[in-house]
Colleague: 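Sending over a structure as structure tokens; questions will come in a sec.
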Amino acid sequence: MNPDPEPITSVGIDVGTTTTQVVVSRLRVSSPTHDGAAAPEIRDREVVYRGRVHETPLVDAATVDIDGVAGIVVDAFASAGIDPGDVDTGAVIVTGEAAKRRNAEPLVRRIADDAGEFVAAAAGGALEAVLAGRGSGAADHAARTGRVVANVDVGGGTTNVAVFAGDTLVDTRVIDVGARIVRVEGRARANVGGDSGEADVDDGAGDGDDGANAADDGERTRSDTSRISHLSPAAERLIAVDGLDVAVGGPATPSGLQSLADAAAAAIADALVGPPFDDVVESLAIGPLPERPVRLDDVVLTGGVGSLANTVDDRSVDTFRFDDLGPLLAASLRRTLRGHADLPDRPLTLSEDLRATVVGVGTESTTFSGRTVWLPTDRLPLRDVPVVVVDPPGATRSSESPEPPEAPRNRFERAIGSARALYDVDDVSGLALYLPEVGSLAYDDLGETADGIAAALRSLDRSTARSVPVVVVTRENCANVLGQLLAARLDEPVPVIDELRLRAGVRLDVGKPFAGREAVPVVVKTLAFGG
């Protein structure tokens, strides 16, 4: 009988275009079995602390206030009653426009260092889409019911869609549409529930069917000096295509911006229904769009705008309470979904909407290695380690000019050479040598694999100014044997972990094993800073 799952503490931190949030979760992780029947897995997730929703602090339009974000995290830890030393795993994710700001990378380094020994940094729209879908409960709903579910996370900077069918992630779609494609200035903010924290964010937008009434109410509260202060390139694109009379410096009124909100909502709907996609959505896409359409059974709305769209009617809402397009976009999106022949007429409401991404970050970003790891613990933890993929056994460099199968050492040395071309290996915190295919698992053949890895690592050590920490990762269940074979061939043994599926371009954090365990927590990170 397996021991009862051991609770661990996980922290999720989401620094977004508009808001910053912190959640603390308890994860129960099963013990690996020695007979090879079951690898460790997360058996239960419970969010034990949901921090207030704070407006993301900025120094200026291009710079996040790092000290301000750090202060939010410190306050959240104090309110949750935890210390950084209590944190076992988790992630900080910088999303939307925040990821494009010039100091986004120093921000996540600072927060990761402050928040605990093993809190990782991650960013990227596709990853954000998946985390929001898992945090909202959309992925679980699809797996439980067998239905096709799209989680539509509409935030300040982008709309991130993850489509789940049963227990499979079908695709992701990211477009450059969010509340802050329009910014408004020149008015006194109405008192709508206190400060700019959670009370501000959770109050609703007008019901989609009564959007005009809500807009009229909002317009009567505005000052004649209110002006549009910013239009993003995405907004400019929508304005040009639809011939709208909206411009920077022009008046900011609900009636004047309603058409732009409708155009943005239509783009979100087209991103859900396609392919084919219209030219506007193609121009707004961030990353690839899927090539095959998927008929959706359910749509789940999350994020700041999604949360507003899920809110009950509140005709007294101030349409521009956040100085952006958010409430108007939420109302338009709700109307658009209800009237679209190819989409479910009403969004499905699940356990999380506003905090879906940060809950996903805190509960879904950690996986665990297999049960036969080889762990020299003095080499752990490793943080922010780039993954280098090793060619399969017998791979050739060109399909047009087949070469004889290469000796094992050559493919490993070639992988190390690729790492040297991509990274300054004298500066990186380490390298993860990933073997998607080990080859034969016979003992003698694994010995030849160990020979190749050892030769490549000795070559790396000779060509660098310092010893570069390396972790070997395999997809197959062989880490213990391979680790022992490497230990006999190297002066400094390397950790070997197994049963993970990785790809080039990601980075890993590998934590220390839990007490009495034969597995380590692993966070797979996609770093996507910059414009």
Side-chain angles (χ1 to χ4, degrees), residues 95-96 124-155 157-178 181 208 234 237-238 241-242 261-303 305-306 309-310 329-330 332-350 353 356-357 360 364 501 503 526 528:
T95 58
L127 174 62
E128 183 184 358
V130 174
L131 291 175
R134 297 195 184 282
S136 72
D140 285 344
H141 175 73
R144 187 174 62 256
T145 63
R147 294 169 69 83
V148 180
V149 183
N151 194 92
V152 187
D153 192 70
V154 191
T158 57
T159 294
N160 310 301
V161 180
V163 179
F164 303 91
D167 59 1
T168 300
L169 173 66
V170 176
D171 62 56
T172 59
R173 310 150 190 220
V174 181
I175 63 171
D176 197 11
V177 171
I181 63 173
R237 170 68 173 158
L238 293 170
V241 168
D242 287 14
D262 291 343
I268 294 171
D270 188 72
L272 289 173
V273 173
F277 302 99
D278 67 25
D279 291 342
V280 174
V281 170
E282 292 276 5
S283 69
L284 296 174
I286 301 172
L289 291 168
E291 298 179 355
R292 296 182 180 180
V294 179
R295 183 71 181 185
L296 301 176
D297 297 316
D298 294 303
V299 170
V300 178
L301 299 179
T302 61
V305 175
N310 291 333
L329 177 56
S332 293
L333 182 58
R334 182 164 19 189
R335 282 198 306 276
T336 300
L337 292 181
R338 287 182 177 177
H340 204 294
D342 296 321
L343 292 172
D345 62 352
R346 287 182 181 271
L348 180 67
T349 303
L350 296 176
D353 53 15
T357 299
E364 299 284 351
R501 293 179 180 270
R503 59 180 174 81
T526 302

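Only heavy atoms go into these numbers, but all of them, side chains included; no hydrogens, no water, no symmetry mates. None of the values given here were measured: they were computed from a predicted structure. If you read the sequence from its start, that first residue is 1, and numbering goes on from there.
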Colleague: Counting distance only, does the side-chain N/O of Arg134 pair as donor-acceptor with the main-chain N or O of Ala139 below 3.5 Å?
Modeller: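 Absent.
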Colleague: Kindly give the heavy-atom pair with the smallest separation between Thr357 and Ala132, and that separation in Å.
Modeller: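 Closest heavy-atom pair between Thr357 and Ala132: OG1-CB, 3.4 Å.
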Colleague: Once salt bridge (charged side-chain N to carboxylate O under 4.0 Å, His left out) is applied, do any residues pair with Arg295, and if so which ones, sequence neighbours excluded?
Modeller: Asp342
Colleague: Quick check: closest heavy atoms across Ala261 and Leu329, and the distance to 0.1 Å?
Modeller: O-CD1, 3.8 Å
Colleague: Using every non-hydrogen atom in the two residues, find where Gly155 and Val305 come nearest and quote the distance to one decimal.
Modeller: O-CG2, 3.9 Å
Colleague: Using the test side chain to side chain contact (heavy atoms under 4.5 Å, CB included), find all partners of Ile286 that sit at least two apart in sequence or belong to another chain.
Modeller: Thr158, Val174, Asp176
Colleague: What are the two closest non-hydrogen atoms of Val161 and Ala150, and how far apart are they?
Modeller: CG1-CB, 4.3 Å
Colleague: What pairs with Arg144 under salt bridge (charged side-chain N to carboxylate O under 4.0 Å, His left out), at least two apart in sequence or on another chain?
Modeller: none
Colleague: With rounding to the nearest 0.5 Å, note down the distance linking CG in Leu343 to CG in Asp298.
Modeller: 11.5 Å
Colleague: Partners of Ser283 by side-chain hydrogen bond (donor to acceptor under 3.5 Å, both in side chains), sequence neighbours excluded?
Modeller: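 Applying side-chain hydrogen bond (donor to acceptor under 3.5 Å, both in side chains) to Ser283 gives Arg237.
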Colleague: Could you report the tightest heavy-atom contact between Leu238 and Ala263, atom names first, then the distance?
Modeller: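 Smallest heavy-atom distance, with atoms named: CD2-O, 4.1 Å.
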Colleague: The criterion is side-chain hydrogen bond (donor to acceptor under 3.5 Å, both in side chains); which residues satisfy it with Thr302, sequence neighbours excluded?
Modeller: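 Testing Thr302 for side-chain hydrogen bond (donor to acceptor under 3.5 Å, both in side chains), a comparison that skips the adjacent residues, returns Asn151, Asp153.
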Colleague: When rounded to the nearest 0.5 angstrom, what distance separates CD1 in Ile181 from OG1 in Thr159?
Modeller: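 That separation rounds to 9.0 Å.
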Colleague: Taking only residues two or more places apart in sequence, or in another chain, which ones meet Ala126 in a side chain to side chain contact (heavy atoms under 4.5 Å, CB included)?
Modeller: Thr172
Colleague: Mind listing the closest non-hydrogen atom pair of Val149 and Val300 along with its distance?
Modeller: CG1-CG2, 3.9 Å
Colleague: What pairs with Asp262 under side-chain hydrogen bond (donor to acceptor under 3.5 Å, both in side chains), at least two apart in sequence or on another chain?
Modeller: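 Applying side-chain hydrogen bond (donor to acceptor under 3.5 Å, both in side chains) to Asp262 gives Gln258, Ser332, Arg335.
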Colleague: Mind jotting down which residue pairs meet the salt bridge (charged side-chain N to carboxylate O under 4.0 Å, His left out) criterion with at least one end in residues 160-172? Sequence neighbours excluded, please.
Modeller: Asp171-Arg173
Colleague: Donor-acceptor pairs under 3.5 Å, side chain of residues 266-278 to any protein atom, not counting sequence neighbours: which ones?
Modeller:
| from | atom 1 | to | atom 2 | distance (Å) |
| --- | --- | --- | --- | --- |
| Asp270 | OD2 | Asp278 | N | 3.1 |
| Asp278 | OD1 | Val280 | N | 3.1 |
| Asp278 | OD1 | Val281 | N | 2.9 |

Colleague: Hey, what do you get for NE2 (His141) to CG (Leu350), rounding to the nearest 0.5 Å?
Modeller: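 These two atoms lie 6.5 Å from each other.
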Colleague: Sequence neighbours excluded, which residues qualify as side chain to side chain contact (heavy atoms under 4.5 Å, CB included) partners of Thr168?
Modeller: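 By the side chain to side chain contact (heavy atoms under 4.5 Å, CB included) rule, Thr168 matches no residue at all.
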Colleague: Can you tell me how far CD1 of Ile175 sits from CD of Glu282, rounded to the nearest 0.5 angstrom?
Modeller: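 Nearest 0.5 Å value for the CD-CD1 distance: 11.5 Å.
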Colleague: Using modelled atom types only, decide if a donor and an acceptor are shared between the side chain of Asn310 and the backbone of Leu301 within a distance under 3.5 Å.
Modeller: yes
